[in-house]
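Written below as structure tokens is the structure these notes are about.
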Number of protein chains: 2
Amino acid sequence: MSGIADVAALAGVSKATASRALTGSGHVSQATRSRVLDAAASLGYVPSTSAVSLATGRTRNVGVVMPYVNRWFFAEVLEGIQQPLLERGLDLTLYDAKPGTEGRARIFDDFLARKRFDGLIAVGLEPEDRELQRLMQIGRPIVSVVGADEGSSVVSIDDDYAARRATEHLIALGHTDIVFLGGGVGEHWAQVDRRRLTGYEAAMAEAGLASTTRHVRSEVSIPGGYDAAVDLLGDSRTRPSALVAVCDEVAIGAIIASRRLGVPVPGALSVVGIDDHEYAEMFSLTTLQQLPRQQGAAAVELLLAHLDEPHRPPTSVQMQARLIVRSSTSALAQA
Amino acid sequence: MSGIADVAALAGVSKATASRALTGSGHVSQATRSRVLDAAASLGYVPSTSAVSLATGRTRNVGVVMPYVNRWFFAEVLEGIQQPLLERGLDLTLYDAKPGTEGRARIFDDFLARKRFDGLIAVGLEPEDRELQRLMQIGRPIVSVVGADEGSSVVSIDDDYAARRATEHLIALGHTDIVFLGGGVGEHWAQVDRRRLTGYEAAMAEAGLASTTRHVRSEVSIPGGYDAAVDLLGDSRTRPSALVAVCDEVAIGAIIASRRLGVPVPGALSVVGIDDHEYAEMFSLTTLQQLPRQQGAAAVELLLAHLDEPHRPPTSVQMQARLIVRSSTSALAQA
DNA sequence: TTGAAAGCGGTACCAT
DNA sequence: ATGGTACCGCTTTCAA
């Protein structure tokens, strides 16, 4: 492995000049610059990242912490983050911090403290107090995707609005018996899910339907939505005419269950989700579209801005979910 | 930020001794050791990773290259890799190398050459010749998950066997008109898919059914399986009595399509997949189970072995897929 | 068992 | 515009 000293020697210049030519900082004459570049190329010179980091204090690496990578939203955000980073030559270190695991504890206690990154993107982390403290201690810029504003920059959609809009869509179609499906299982009552439930409740209340408000809990996944829907839809006496799902996965699970039970969608049951999941089209799912890739990309831009400008005040980027009407929703059939 | 010099000063020893006490290398008396440890703790000392890397030549970081992170198998493998790494305090740098993208080219040309890792795990990469060359040039141990043995260690299932077993299962149930569904779309005819197709063909041939052999192409995804199945099953004249899907996602797509078309599974159509996907249970899918998490974990073990023992010869770990019979397959109804 | 000092491979300041 | 050199923070010989 040839180092910058070799390059310098071959080009007949000092290490300092070679460094300038290579990094583009400082003044170097055209002639020497190209001699250095040629030398570097012919030697296959690649700077040692650890040496660069040690000398500059910058890692050219971004840390990404998320609780799941096997859920659609998270995987999409991750790809949305990766791409702009690749374009800029920045590395991505992934920390998979599943709630309640020992690994998560280690991430907060050991890994993050190492600061192997210039900045951090936290996706749907929903940190506990202790974890939040750790994050603040790091002393590196942090951008969150999904999640409340806790003194750092945030990229998110307006969950309240999305759920409200979904509910209003159903109400406008004449539905009154509308169930909110999903979330609320286990100890980790996710805040996103809570916010969406709140939006649903608000829309119901505004339409004078507060008394009909119902929340049916489920795991936030396709099988979770499926299982909950089998129970809910199995008994025709408690079956609502419409469902607002906490996200598309739950909505899709519900549609699959509905079909299995012979309850036609949207004939006997309207379903609306939030996401615009990869499978939404295939299930003709009406949904509030959010674009997780764009959120990931936006988080990168924000983070880079913070890196350029250390004292930049935290910004909050709210993206608006857009209603996409497909055919999982229809007007309430008159009795 | 306090460095090892601060720790040494506080403990009243030299940097050298502090380093020995902290890393556990060399001989240090119990007394000094604990003084150093206390000093480090009270200062909240965290070693600079770049300095450590520069001095030792080891990054304590593992690179993971995969073409997708939003597909079940890959996400599972990724989690299977992450966990054992966390336990050992090793970082994970992710490179999302989608076939045919500019990002992928940059990964191979720039990112990997930086060697920001002690070793690499390549998951389902299926590198082209040029890419393979780059990989070899890195000069760091590489373990592949899925994929042919190209001089590096490999963890995989026996795809040929899995597809063969799936096919034999159907044949044993009396099926003769069996279609292999999935793969073969676009330029990237994945080798895994090819191997599975070959296994299917072999089983068919052995049963004297070579003439009935049919491959129907589809994208390797749930919507892909769905779309292809809608076409295939829509016309009752060409509809087979059973399907071997290239993987569970395609199988599930086919089942969803089948239900929509009113073709009962397994009544009129038996379906078998390969994976044991997260949704397999919910669709009662008969499948050949592979355990991607274990594959990921195994890849880590293998990689660490290579790091410990630089000249360890490449090993190939073949895991056997296990047939799980659920109720998407049944005996061929007599005409 | 401990300390002094020489790197590891760059960057960046200070001269020239 | 270029060169000399002192770091960056830690590990690791070599001596004591």
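Protein chains get the first letters and strands the later ones, always in sequence-line order, with residue 1 at the start of each.
Dashed line: the shortest gap from a side-chain N or O of A:Thr17 to OP1 or OP2 of D:dT2 is not under 4.0 Å. Between A:Ser19 and C:dT11, a side-chain N or O to OP1/OP2 separation shorter than 4.0 Å is present. Taking side-chain N and O atoms only, A:Tyr45 has no distance below 4.0 Å to OP1 or OP2 of C:dG9. Within the structure, a side-chain polar atom (N or O) of B:Ser29 is placed less than 4.0 Å from OP1 or OP2 of C:dT2.
Minimum atom distance to the side chain of A:Ser14 is reached by D:dG3, of the listed C:dG7, D:dG3, C:dT11. Taking every side-chain heavy atom of A:Thr56 into account, C:dA12 is the closest of D:dT12, C:dA12, C:dG10. Comparing C:dT2, D:dT2, D:dT11 by their closest approach to the side chain of A:Val28 singles out D:dT2. The side chain of A:Thr32 approaches D:dT2 more closely than any other nucleotide in the set C:dG3, C:dG10, D:dT2. With D:dT5, D:dT12, D:dC10 as the choices, the nucleotide that has an atom nearest any side-chain atom of B:Ala16 turns out to be D:dT12.
In this structure, A:Leu22 places its CG atom 13 Å from C1' of C:dG9, rounding to the nearest Å. B:Leu54 has its CG atom 17 Å from the P atom of C:dA6, to the nearest Å. Regarding B:Arg116, its CZ atom lies at a distance of 16 Å from the P atom of C:dG9, rounded to whole Å. Between the CZ atom of A:Arg33 and the P atom of D:dA1 there is a distance of 10 Å, given to the nearest Å. Between the CZ atom of A:Arg114 and the P atom of D:dC10 there is a distance of 14 Å, rounded to whole Å. In this entry the distance linking NE2 of A:His27 with C1' of C:dA12 reads 14 Å, nearest Å. Atom NZ in A:Lys115 sits about 17 Å away from atom P in D:dC8, given to the nearest Å. Counting to the nearest Å, the C1' atom of C:dG3 and the CZ atom of B:Arg20 are 8 Å from each other.
Side-chain atoms of A:Gln83 and A:Glu87 include a donor-acceptor pair closer than 3.5 Å.
Within a 6.0 Å sphere centred on CG of B:Asp308, heavy atoms belonging to other residues, nucleotides or ligands number more than 12. In B:Glu102, the CD atom is not crowded: 12 or fewer heavy atoms of neighbouring residues, nucleotides or ligands sit closer than 6.0 Å. Counted within 6.0 Å of CD on B:Glu128, heavy atoms from surrounding residues, nucleotides or ligands total 12 or fewer; the atom is thus considered open. Other residues, nucleotides and ligands contribute over 12 non-hydrogen atoms within 6.0 Å of the CD atom of A:Gln137.
Of the residues near DNA chain C, B:Val13 and A:Val46, the one whose nearest nucleotide (by heavy atom distance) lies more toward the 5' end is B:Val13. Between B:Arg35 and A:Pro47, the residue anchored closer to the 5' end of DNA chain C is B:Arg35, taking for each the nucleotide with the nearest heavy atom.
A:Ser48 comes within contact range of the sugar-phosphate backbone alone, with a heavy-atom separation under 4.0 Å but no base atom that close. Across all strands shown, B:Ser53 has no heavy atoms under 4.0 Å from either base or sugar-phosphate atoms. In this structure, A:Ser50 reaches neither bases nor backbone, as no heavy-atom distance under 4.0 Å exists between it and the strands shown.
Side-chain atoms of A:Lys15 and base atoms of C:dG10 include a donor and an acceptor less than 3.5 Å apart.
With hydrogens and angles disregarded, no donor-acceptor distance shorter than 3.5 Å links the side chain of A:Arg293 to the backbone of A:Gly80.
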